[in-house]
Amino acid sequence: MITSAFKSSLLEGEIQGCGPLFRAQNAVPKPLRRQLFEAIRAAGTIARVDIAKHLDISPATVTTLSTELIESGLIVETEIARPTTDTTRGRPRVGLEVNGAASAVIGIKISDRGNSAVLLDLAGKRIGAATLPAPPERRSTDAIVDEIEQLVAAALTSAHLDKSSLAAIALGIPGMVDFDAGHVIWCPFLMDPDIPLRDLLQHRLGIPVRIDNDANLLAMAELWFGAGRALDNFAVVSIEHGVGIGYVQGHTLQRGGSGHGMELGHMTIQINGALCRCGKRGCLEAYVADYALVREAHTALAHPVGSTASPTEMLEDLFAQAKDGNEAAQAIFSRAGRYLAVGLANVVTLFDPALILLSGDRLRYDYLYAEEVLSEFRDLTQKPGRPPTPVDIHAWGDLVWAQGAGALALDHATERLLG
């Protein structure tokens, strides 16, 4: 449960920190010093007495632990501003906040359209960012490692820092990722299978690295910085070059028993159906992702053989024609939306999330979440006495993926610094 001190601060709009506002359920208990540090970072600024209430520990214990953290340079004392309605006199309350300058982390998103990175301080504040183009062709392992090294250097340059300031780096990449082993099992734009990318990067950069599926990191962005901070459970479905899902239960990102995460895009929804880029047939992604829409656009738009139009240009043309009333173009988006409704209904049936967040670049194509799509989704999931699962659109922009990777890097850095 969230404590009254945190709840009142949240209602007054005072919480400016980052990280889940609840403690994770059914997880291995963290050292108390780390719990205190994370409570401070989640609140932004908080008084010692409120930390004691939130963690259900004595004020003396808070004083002892906070003194240790202050002496180690990880937190600092600061004044807590009074609410505008407080007219009492006297000295301002003293609070605690994370010393952002104590360390920094980098979150990275690698894709086949462009690479991005954000640089966060230890308090979760963005202090730098970088974007670099990505080659359109499939890349070798060496090429990906080179790209990531260049991206790290560019992010550090944006904030006039060097690698010595970094405590951790985290990377998001599409495809199938073994989080525990740090391997990229399969990625649509990599030549090699089963790449030990985490270890390769740690050897090259000399900094601890974590790797995860990019959809998981979209959920991390919501859990640490967005709508999921105060939610016990929710699902984030991303619709971009592929279709992905990140699922949070008990305020914790779920990666499954083998650490591979969940592959909504490769859920079979049509036996012997359309060919997916993973090599199998009938995947949800093969009907909803951008390459699926491009495949259909060739017919709908009557592009001549040998056309030099890029996939992006074809998608934009398809969308423009649908808006102008082209029935064939509208039918493509309508069919994709219906398959998406089936996919979302399966998410509700399996996990019963309190909220589904739709995110990703393709959400600018509003046919995918038109009222008829959401209505079909509700028809597929509605049961007597059960309210429909809410679906929100939350498109942050291109850096959200890297921001989620930054959250993973912060979590790892905190583990290393505090146990």
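The first residue of the sequence shown is numbered 1, and numbering continues consecutively from there. Note that the structure is a prediction, hence the values are computed from the model and not measured.
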(message) Using the side-chain hydrogen bond (donor to acceptor under 3.5 Å, both in side chains) definition, which of the options Lys30, Arg34, Arg41 pairs with Thr414?
(response)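 Testing Thr414 for a side-chain hydrogen bond (donor to acceptor under 3.5 Å, both in side chains) against Lys30, Arg34, Arg41 leaves exactly one candidate, Arg41.
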(message) Taking side-chain contact (heavy atoms from CB on, under 4.5 Å) as the criterion, tell me which of Leu380, Leu358, Ile245 meets it with Leu344.
(response)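 Of the listed options, the one satisfying the test is Leu358.
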(request) Please say which of Val118, Leu120, Leu156 ends up in a side-chain contact (heavy atoms from CB on, under 4.5 Å) with Ile106. (result)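 With Ile106 as partner, Val118, Leu120, Leu156 yield a single side-chain contact (heavy atoms from CB on, under 4.5 Å), made by Leu156.
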(request) Check for a donor-acceptor pair, side chain of Thr63 on one end and backbone N or O of Pro59 on the other, with a separation under 3.5 Å. (result)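 Flag set: sc Thr63 to bb Pro59 pair under 3.5 Å.
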Side-chain heavy-atom pair [X], [Y] within 4.5 angstrom cut-off:
X: Val145; Y: Leu197; answer: yes
X: Leu264; Y: Leu284; answer: yes
X: Pro20; Y: Arg229; answer: no

State plainly whether the residues [X] and [Y] are in salt-bridge range, i.e. N to O under 4.0 Å.
X: Arg204; Y: Glu149; result: yes
X: Arg338; Y: Glu372; result: no
X: Glu415; Y: Arg210; result: no

[Y] and [X] side chains, donor-acceptor separation under 3.5 Å:
X: Glu285; Y: Tyr287; answer: no
X: Thr64; Y: Thr67; answer: no
X: Ser164; Y: Asp162; answer: yes

Only distances under 3.5 Å count here; give the side-chain donor-acceptor pairs of residues 125-134 to other protein atoms, sequence neighbours excluded, each with its distance to 0.1 Å.
residue, atom, partner, partner atom, Å
Arg126, NE, Gln403, OE1, 3.3
Arg126, NH2, Gln403, OE1, 2.9

(message) Is the terminal nitrogen or CZ of Arg255 (NZ for Lys, CZ for Arg) located under 6.0 angstrom from the six-membered ring centre of Phe179 and within 45° of that ring's axis?
(response)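 The answer is yes; both the distance and angle limits are met.
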